[in-house]
2 protein chains.
Amino acid sequence: MKADSMETKLKIAEAAIALFTSQGFKGTTVRQISKKAGVNLALISYHFGGKKGLLEELITSFFEGYIRRIEIIYHTSNSATVKGSFIELVEALLIYQQRNLPLARFVYREMTLDSTLVRELMSTYLVKEKYFIQTLFEKGMKKKEFRRQPVDFLTIQFKDMMMLPFLHPLYLSEVYQITAETETFIKPYKKWMVNWFDKCVCQSERRNPLLSAVQKPLFGSIQEKWGS
Amino acid sequence: MKADSMETKLKIAEAAIALFTSQGFKGTTVRQISKKAGVNLALISYHFGGKKGLLEELITSFFEGYIRRIEIIYHTSNSATVKGSFIELVEALLIYQQRNLPLARFVYREMTLDSTLVRELMSTYLVKEKYFIQTLFEKGMKKKEFRRQPVDFLTIQFKDMMMLPFLHPLYLSEVYQITAETETFIKPYKKWMVNWFDKCVCQSERRNPLLSAVQKPLFGSIQEKWGS
DNA sequence: TATTTGTCGAGCGATTCTTAAAGGTTTCTG
DNA sequence: CAGAAACCTTTAAGAATCGCTCGACAAATA
């Protein structure tokens, strides 16, 4: 393959990502892509085997990189604590998603649809992702580092928190004037997640009996124990 | 308006919601809608002023009901604590979204796009939503009921947790075999959110100095104080 | 030189949403 | 009850756009 050809293929991919992100896959035409990429219409079919092929190649490449980063940390993390591994994971995934922000956004949106492609992607990539994260949580619980609690919800919430800023960047910027694209976002958000780990995941410190005695009557009707 | 007409309008709306939810707005044709609704093609344009009008009417009606429920609780909650008001809110919104699950799912997905419609909806409904929730959090902090922390992230995470099960029901069912449609989901998920409030939002109990002395060295490099 | 590879313009066939015109039905009014 | 009016539905066709392919041409390769 010529270098020129590789370049046009990249130009097509970039234009497609930008358009898919803001307009959705179905809302984007191949003509728009070819125009934005400054490339002939027929080249999209030539390089990607059509619009659908372009979509699949983009999504697959995103998930490949995503899963690879999880696997690497899962197998080679040398943190003393499980929480340490998680923090490595958080950092790696935040950076990866930020670097591929528009791609991530449109992939996540597409995954809320109901197609055979989506089901396939879920059973290959997301089931794998679930396995790694859930196993990490269970490891932390066995080591008494994490508090015992429903591991399903925990995994889901973790994944969701990792996804949030990249699925809703327009919401963040329009309503909160927060932009997920800059470096100034990653740091505080990572901090936020670490705080969440300390408060919600890790083993809580022994309670002060006086304080809890004061608070209990107020919330008693709702604040029940887990696992009932 | 005749009863017959109202009925066809409803049939169109229901069919549209189902199809939009699984295929997306752009991925659905008016023919599919008319066929599924058992209604003539042109009636969609007649009743809703076209496919786009149908979309806007569905989304608007969803947000109207959504905001109304927030406002009611905001203005009439008689809970002794702010946390109590929040729990009322959680319950009301979970039920509302569950009752309109397919509609909610497709509305949330559509809101991740980048159109003038989405921007308008954000500036009318989501800004309002942010105001109510954020004010509640600040109220809780002033009363020293909630711990002081960045209120932006808190509001966002709250909203996100409220949205999660309804934006990703396919993910939940495919990967976790959890279905957000049944009553058996609402209760544990509500419990989960209450637990999150206790751990992450409410004022934490005084720490046991011995335990924190043991743990600090391990996480010290990352676990910094807020507001730095 | 022969062959593969990349690019281009033109256009095909299918499908999109919408609308115009007309037919049918119900409701209101005298 | 008759007839006008408003409302609902259908048929049919409109105009635009969709993704994709074909054949020609240029350029690099062997």
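Every chain is numbered from 1, with letters handed out A, B, ... down the list of sequences.
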J.: Using the side-chain contact (heavy atoms from CB on, under 4.5 Å) criterion, which residues pair with B/Ala18? Sequence neighbours excluded.
T.: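 B/Ala18 satisfies side-chain contact (heavy atoms from CB on, under 4.5 Å) with B/Lys36 once adjacent residues are dropped.
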
J.: Expressed in angstrom and rounded to an integer, what is the separation of A/Leu19 atom CG from D/dG19 atom P?
T.: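 From A/Leu19 CG to D/dG19 P: 12 Å.
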
J.: Can you pull out every salt bridge (Lys or Arg N to Asp or Glu O under 4.0 Å) where at least one residue sits in residues 49-74 of chain A? Sequence neighbours excluded, please.
T.: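 Checked against salt bridge (Lys or Arg N to Asp or Glu O under 4.0 Å) - neighbours excluded - the pairs reaching residues 49-74 of chain A are A/Lys9-A/Glu57.
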
J.: For B/Lys9 and D/dT9, give me the distance from atom NZ to atom P, rounded to whole Å.
T.: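 That distance rounds to 12 Å.
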
J.: Would you be so kind as to tabulate the donor-acceptor pairs closer than 3.5 Å made by side chains of residues 161-177 of chain A, with sequence neighbours excluded?
T.:
{"from": "A/Ser173", "atom 1": "OG", "to": "A/Pro169", "atom 2": "O", "distance (Å)": "3.4"}
{"from": "A/Ser173", "atom 1": "OG", "to": "A/Leu170", "atom 2": "O", "distance (Å)": "3.1"}
{"from": "A/Gln177", "atom 1": "NE2", "to": "A/Glu174", "atom 2": "O", "distance (Å)": "3.3"}

J.: Starting at atom CG of A/Leu10, determine the distance to atom C1' of C/dG6, rounded to an integer number of angstrom.
T.: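 Computing the A/Leu10:CG to C/dG6:C1' distance gives 16 Å.
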
J.: Could you tell me which residues satisfy side chain to side chain donor-acceptor pair (under 3.5 Å) with A/Asp114, sequence neighbours excluded, listed by chain and number?
T.: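 Expected list: A/Arg119.
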
J.: Any chance you could list the contact pattern along nucleotides 8-19 of chain C? Use B for base contacts, S for sugar-phosphate-only contacts and - for none, protein heavy atoms under 4.0 Å, 5' to 3'.
T.: BB-B----BBBB

J.: Only counting residues at least two apart or in another chain, list the ones meeting side-chain contact (heavy atoms from CB on, under 4.5 Å) with A/Gln23.
T.: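 Only A/Leu19, A/Thr28, A/Gln32 meet the side-chain contact (heavy atoms from CB on, under 4.5 Å) criterion with A/Gln23.
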
J.: Under 4.0 Å between a side-chain N/O of A/Thr8 and OP1 or OP2 of C/dG6, yes or no?
T.: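 False: A/Thr8 side-chain N/O out of range (4.0 Å or more) of C/dG6 OP1/OP2.
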
J.: Please tell me if B/His47 has a side-chain N or O lying less than 4.0 Å from either OP1 or OP2 of D/dT9.
T.: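 Yes, B/His47 has a side-chain N/O under 4.0 Å of OP1/OP2 on D/dT9.
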
J.: Measure NZ/A/Lys35 against C1'/D/dG19 and give the value in whole Å, please.
T.: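 From A/Lys35 NZ to D/dG19 C1': 18 Å.
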
J.: Does the ring pair (Phe, Tyr, Trp, His ring centres under 6.0 Å) test come out yes or no for B/Phe62 and B/Tyr108, once each step is laid out?
T.: CA-CA 10 Å; B/Phe62 172 80; B/Tyr108 291 150; 5.7 Å; yes

